[in-house]
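Below: one structure, written as structure tokens.
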Amino acid sequence: MPRTHFIWHLFASWCALLAAVLAGCSWLTSVELARLSDSAQFRRMSDVAAGLTKILPVIGNTVDPEAFATLAREITQTALVGIDLLEPSGAILAEVSTTTLNAESAAHWPTSGDAIVSEARAGRIGHTSRYDPVTGKRMLAVCVPLGPIEKPLAIVRVLANTTEQDRELFRSQRTILIGYLALALAAAAAGYGLAKRTARPVQELAAAVTRLAGGAFETPIPTPELAELSSLAAAIGLLREQLVERGLTIGRQGSQQEAVLGSMIEGVLAIDARQRIVSMNLAAADLLGLDPSIVMHRPLQEVVPNPDLRRFALRAIDCSQPLEDDLLLRGLRDRTIRVRGTALRDLSGDGGAVIVLNDVTDIQHLENVRRDFVANVSHELKTPIASIKGFVETLLDGAADNPVDNQRFLTIIAKQAERLEAIIEDLLALSRIEQSEGERSLPVERVRLADLLAAVMTDCLPRAIERSIGLQLSCPDALEAEMNAPLLEQAMINLVDNAIKYSEPGKTVWLTAAHAEHAGVGMDEVRVSVRDEGCGIEASHLPRLFERFYRVDRARSRKLGGTGLGLSIVKHIMQAHGGSVTVESSPGIGSTFTIQLPAC
Ligand code: ADP
């Protein structure tokens with residue numbers, strides 16, 4: 001902050017100059033006045049002495065001291081000076097000064113050796129002033145020669161004290177000083193006005209710049225008359241334009257950056273050297289469960305509960321190379337986050353780090369599913385292929401010659417081949433459904449449910465009869481839904497087939513279709529359920545039941561010709577229709593599989 005205002009600076013300089021000039025003038029005036037006063041007094045004293053020398057009677061070459069004393073006393077009464085008559089040598093002939101002056105003061109003046117006496121002896125008028133220790137005042141003395149100049153007969157000495165003269169001098173000096181002071185006051189007032197006038201445009205410019213610095217870019221810049229200030233104002237105007245332009249650019253960049261960060265799926269988190277959060281996009285806030293308006297500018301160590309992430313941030317700030325790690329974030333649903341950290345180095349030397357967070361839970365899950373799928377497919381294919389290979393080798397080794405073994409082995413090979421075919425067909429079906437699900441290109445039409453379910457019954461009836469299972473269908477005639485009929489028929493056949501497979505002979509399977517309102521959403525849907533009185537499924541298996549190759553009882557499924565893909569196919573068919581499939585089951589009582597389809 002500045003210590004002195006411009007106006008006061010100008011005013012103080014002006015006052016200092018004024019004071020110096022006034023002091024100088026006062027001193028000069030006072031000295032000159034004193035000199036003038038002295039010279040006037042000397043002149044008066046010389047005139048008195050000269051007048052006296054003219055009227056003094058000179059008899060021969062001598063002056064009568066008595067006559068001198070008489071004349072001198074008369075003059076002394078009016079002129080208020082002391083007059084003495086001295087011999088040319090300086091010795092006193094007649095002393096009259098004591099009538100007006102203090103005798104001691106008069107006596108204090110040396111005579112013969114005095115410079116002014118020598119001057120008078122030489123025919124000139126001598127004068128001097130001197131401090132009188134008796135009265136403590138200044139005293140003046142004049143010596144005038146009497147008689148011929150080349151050889152004076154006597155010397156008239158006039159003495160005067162300066163009391164009255166000094167009093168007058170003091171009065172004059174005081175009057176002049178008062179005049180000077182009045183002038184100084186007027187000059188100071190004028191100087192103040194001038195300083196104010198000079199400082200005003202500077203103050204106006206300073207105020208405009210302050211408003212500009214505060215962001216008020218529309219502030220008008222004053223245009224002072226002074227050339228230098230005018231160019232300063234022009235420069236400030238130029239600066240304002242650049243500031244506005246730069247501000248707009250920064251604003252644009254800021255909103256672009258905000259838009260980019262906001263639209264990123266990856267979470268982006270920036271921290272400074274003290275680990276305070278300086279920037280955070282919505283994705284990062286979502287991933288970490290933080291509220292940006294609360295955690296902004298607070299230390300990461302305080303707001304992030306995960307210790308691994310806190311450690312990672314510390315390492316990222318200090319690392320010269322980008323870091324990468326996978327962290328587990330615990331929560332309602334555990335998530336795996338891939339974090340990449342890069343240290344920030346700005347020009348001020350303060351560091352920090354940018355951490356990019358990527359939720360790879362789904363990717364990892366998919367990767368696991370893919371790995372399991374490959375392992376499961378290999379495993380599923382390996383058993384029938386090994387069986388076929390084994391029996392073919394046995395036949396080649398000679399069993400072909402034995403008609404009984406021959407027939408038995410060939411039947412087994414055919415059965416295993418059928419199994420291979422079933423698995424491959426199911427896999428191909430799954431792949432087709434997934435493809436149309438991904439492309440959302442499933443062709444659909446409005447279909448009457450009663451017709452479709454009747455076709456399913458017809459298809460499943462032979463197997464039901466074979467296992468002595470009763471089939472019951474209940475479906476309103478008018479019930480319709482948008483669907484891909486062949487795929488939905490396949491899904492229903494899979495469900496009814498399972499119900500028949502996993503039920504004991506003599507039991508019944510119910511196929512029921514109904515129109516329903518989706519709870520809470522207010523959306524109409526069609527529900528078709530397949531209920532059986534079979535073995536039922538333990539609750540622990542239900543969450544994974546619709547996964548590929550997942551079986552509750554592997555041996556039983558294989559024995560019954562199951563591929564472990566049936567329910568997975570149902571799930572994907574329903575997803576491709578924008579519907580779903582659910583299961584309710586109680587071991588020993590039975591299971592109900594229900595599909596939901598959006599109603600027309
Ligand atoms: P699978 O070809 O083995 O039947 P699915 O995918 O159709 O394969 O069924 C997966 C598993 O779910 C089956 O192995 C079986 O254990 C169980 N399951 C399916 N439907 C039923 C049902 N109606 N009753 C009891 N268990 C069933």
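All residue numbers in this chain count up from 1 along the given sequence. Both counts, for ligands and for their atoms, begin at 1 and track the order of listing.
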Test item: side-chain donor near acceptor, S585 and S591, under 3.5 Å: yes

For ligand 1, the residues whose heavy atoms come within less than 4.0 Å (ordered by chain, then number): N498, A499, K501, Y502, D532, C535, I537, L545, Y550, R551, V552, D553, S557, G562, T563, G564, L565, G566, L567, S591, F593

Q275 versus Q301, side-chain donor and acceptor atoms under 3.5 Å: yes

Contact list for residues 465-487, test side chain to side chain donor-acceptor pair (under 3.5 Å), sequence neighbours left out: R446-E480

E584 side chain to T592 side chain, donor-acceptor N/O pair below 3.5 angstrom: no

Distance-only polar pair, side chains of T361 and R335, donor-acceptor under 3.5 Å: no

Geometric class of the F546/F593 ring pair [parallel <30°, tilted 30-60°, perpendicular >60°]: perpendicular

